[in-house]
Amino acid sequence: MQIGPYKLENNLILAPMAGVTDRPFRQLCKRMGAGLVVSEMLSSNPDVWRSSKSKQRMDHVGEEGVRAVQIAGADPLLMAQAAQFNVDNGAQIVDINMGCPAKKVNKKLAGSALLQDPQLVERIVQAVVKAVKVPVTLKIRTGWNTDNRNGLLIAKIAEQHGIQSLAVHGRTRACMYKGNAEYDTIKAIKQAVSIPIVANGDITCVHSAKHVLEYTNADALMIGRGAQGNPWIFRQIQHFLQTGEILPSPPLSEVRDILIAHVANVHQFYGDFMGARIARKHVGWYLAEHDRERLFRAKFNAIDEAAEQLDTLAYYFDQMAGESATHVVSPAA
């Protein structure tokens with residue numbers, strides 16, 4: 001897939017997710033096969049740009065590949081300034097958020113709330129595209145609610161005013177993350193415009209990826225929640241799309257190594273105090289299938305020390321490996 005001058009390694013994109021797609025997670029997903037990773041949403045309010053939280057969100061040190069940054073806001077001038085600020089800090093692609101359904105974003109009339117006002121959408125897109133020389137992309141939902149699916153109208157506005165690719169989540173703002181994503185709107189948008197279309201929503205395995213890609217005829221797939229605790233989904237999907245073969249789930253030893261390295265990177269990035277707290281949600285995602293009764297998660301979440309978290313994880317996996325070994329039956333002589 002091509003976005004402006006950038007040819008992506010493949011057509012699998014890590015969705016921007018607030019509180020999730022920080023530098024450690026982006027780096028991991030890139031190594032696991034994502035063709036493009038997008039940073040957490042950054043506010044267009046200049047008053048917060050110098051905060052420690054924003055600085056961490058803008059930290060791309062050591063990352064490989066194209067640097068894509070998402071911005072959010074409702075004022076065209078501030079959005080243009082935010083785009084320029086991020087380009088000055090090294091952004092190679094600027095993505096406009098019009099898909100976030102969170103109340104704290106929507107109450108400021110940003111995110112998916114903008115879909116209620118196509119004229120404001122147009123002014124924001126025009127301002128941001130004019131402000132920077134890098135490609136500008138857009139992420140939307142199918143509409144505000146099921147009675148007002150205006151994704152097609154927004155897509156035409158985006159194409160008309162220079163958006164280089166459009167990602168569409170197959171739910172309305174009112175749907176939040178409930179129910180099943182619908183792909184008819186994405187399919188209709190793909191048929192109506194010529195810019196690259198990225199399909200998003202409920203892509204959690206190789207089969208759903210293939211179905212969504214074929215049904216919508218989208219140019220790429222954007223994967224969000226499906227990658228949480230499951231970063232190898234990118235290499236699995238890519239392999240399946242190329243060969244039709246299903247890669248097995250990674251062995252326990254590889255999951256162990258990936259998780260412990262990820263948690264250690266989180267500690268290093270945020271510092272031991274905050275890192276230990278932020279690591280908890282990632283560990284919960286990774287171990288959801290192994291710790292169904294959430295007993296280990298409860299124990300892990302009570303740990304405040306970074307080093308103790310790593311030691312506890314190592315011991316937990318050693319215990320699981322030992323239990324697996326006891327279930328191996330030797331073949332009869």
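Here the structure is a predicted model, which means the values were calculated and not measured.
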Student check: side-chain heavy atoms of [X] and [Y] closer than 4.5 Å:
{"X": "Arg141", "Y": "Val168", "answer": "no"}
{"X": "Ile96", "Y": "Met79", "answer": "yes"}
{"X": "Thr204", "Y": "Ile223", "answer": "no"}
{"X": "Gln2", "Y": "Gln164", "answer": "no"}
{"X": "Val134", "Y": "Val94", "answer": "yes"}
{"X": "Asn150", "Y": "Asn148", "answer": "no"}
{"X": "Tyr286", "Y": "Pro231", "answer": "yes"}
{"X": "Ile13", "Y": "Leu221", "answer": "no"}

Identify the two heavy atoms, one from [X] and one from [Y], that lie closest to each other, and give their separation to 0.1 Å.
{"X": "Ala192", "Y": "Leu152", "value": "CB-CD1, 3.4 Å"}
{"X": "Ala199", "Y": "Ile186", "value": "CB-CG2, 4.0 Å"}
{"X": "Leu114", "Y": "Asn97", "value": "CD1-O, 4.3 Å"}
{"X": "Arg149", "Y": "Thr146", "value": "NH2-CG2, 3.5 Å"}
{"X": "Ser44", "Y": "Ala82", "value": "CA-CB, 3.8 Å"}
{"X": "Leu213", "Y": "Ala218", "value": "CD1-O, 3.5 Å"}

Task: Which residues share a ring pair (Phe, Tyr, Trp, His ring centres under 6.0 Å) with His290, sequence neighbours left out - done: none

Task: Partner set under ring pair (Phe, Tyr, Trp, His ring centres under 6.0 Å) for Trp285, not counting sequence neighbours - done: His282

Between [atom1] on residue [X] and [atom2] on residue [Y], distance to nearest 0.5 Å:
{"X": "Asn45", "Y": "Asp75", "atom1": "CG", "atom2": "CG", "value": "10.0 Å"}
{"X": "Ser208", "Y": "Ile203", "atom1": "OG", "atom2": "CD1", "value": "6.5 Å"}
{"X": "Phe269", "Y": "Ile278", "atom1": "CZ", "atom2": "CD1", "value": "8.5 Å"}
{"X": "Glu289", "Y": "Arg292", "atom1": "CD", "atom2": "CZ", "value": "4.0 Å"}
{"X": "Leu36", "Y": "Gln92", "atom1": "CG", "atom2": "CD", "value": "10.0 Å"}
{"X": "Gln116", "Y": "Trp144", "atom1": "CD", "atom2": "CH2", "value": "4.0 Å"}

Task: Derivation of the side-chain contact (heavy atoms from CB on, under 4.5 Å) call for Gln238 and Asn11 - done: CA-CA 8 Å; Gln238 180 68 2; Asn11 63 346; 4.2 Å; yes

Donor-acceptor side-chain pairing of [X] and [Y] below 3.5 angstrom:
{"X": "Tyr183", "Y": "Asp202", "result": "no"}
{"X": "Tyr215", "Y": "Asp184", "result": "yes"}
{"X": "Glu159", "Y": "Ser194", "result": "yes"}
{"X": "Asn145", "Y": "Thr172", "result": "no"}

Short side-chain to backbone donor-acceptor contact, [X] and [Y], under 3.5 Å:
{"X": "Gln84", "Y": "Gln81", "value": "no"}
{"X": "Glu182", "Y": "Thr185", "value": "yes"}
{"X": "Asp272", "Y": "Ala276", "value": "no"}
{"X": "Arg171", "Y": "Gly179", "value": "yes"}
{"X": "Asp291", "Y": "Leu287", "value": "no"}
{"X": "Arg173", "Y": "Pro101", "value": "yes"}
{"X": "Asp95", "Y": "Val69", "value": "no"}
{"X": "Asn86", "Y": "Ala91", "value": "no"}

Between [X] and [Y], does at least one N-O distance fall below 4.0 Å, as a salt bridge requires?
{"X": "Lys30", "Y": "Glu9", "answer": "yes"}
{"X": "Arg280", "Y": "Asp304", "answer": "yes"}
{"X": "Arg31", "Y": "Glu64", "answer": "no"}

Open item on the list: Under 4.5 Å side-chain heavy-atom separation, chaining through any Ile, Leu, Val, Met, Phe, Trp or Tyr, what else clusters with Leu78? Say none if it is isolated.
Closed with: none

Open item on the list: My understanding is that only residues two or more places apart in sequence, or in another chain, count here; which of them pass side chain to side chain contact (heavy atoms under 4.5 Å, CB included) with Pro251?
Closed with: Ser253, Glu254

Open item on the list: Test of understanding: with side chain to side chain contact (heavy atoms under 4.5 Å, CB included), list the residues that count as partners of Gln119, not counting sequence neighbours.
Closed with: Asp117, Arg123

With the 4.5 Å side-chain cut-off for hydrophobic clustering, are [X] and [Y] part of the same group?
{"X": "Ile233", "Y": "Phe25", "result": "yes"}
{"X": "Met1", "Y": "Ile197", "result": "no"}
{"X": "Met98", "Y": "Ile189", "result": "yes"}
{"X": "Val283", "Y": "Leu310", "result": "yes"}
{"X": "Val129", "Y": "Tyr6", "result": "no"}

- [ ] Would you sort out whether Thr21 and Ser39 count as a side-chain contact (heavy atoms from CB on, under 4.5 Å), showing the intermediate values?
- [x] CA-CA 6 Å; Thr21 53; Ser39 74; 5.7 Å; no

Open item on the list: Quick one, His207 with Phe240, criterion side-chain contact (heavy atoms from CB on, under 4.5 Å). Give me CA distance, side-chain angles, the key distance, then yes/no.
Closed with: CA-CA 9 Å; His207 298 294; Phe240 184 68; 4.0 Å; yes

Task: Residue Lys281 excluded, over 12 heavy atoms near NZ under 6.0 Å - done: yes

Task: Residues that Lys190 engages under side chain to side chain donor-acceptor pair (under 3.5 Å), provided they are two or more places apart - done: Asp219

- [ ] May I ask you to establish whether Arg277 and Phe273 are in a cation-pi arrangement, using a distance under 6.0 Å from NZ or CZ to the six-membered ring centre and at most 45° from the ring axis?
- [x] yes

- [ ] May I have the step-by-step check of salt bridge (charged side-chain N to carboxylate O under 4.0 Å, His left out) for Arg26 and Glu63, ending in yes or no?
- [x] CA-CA 8 Å; Arg26 294 195 303 269; Glu63 288 190 64; 2.6 Å; yes

TODO: Could you walk me through whether Thr137 and Val38 pass side-chain contact (heavy atoms from CB on, under 4.5 Å), step by step?
DONE: CA-CA 11 Å; Thr137 61; Val38 186; over 6 Å; no

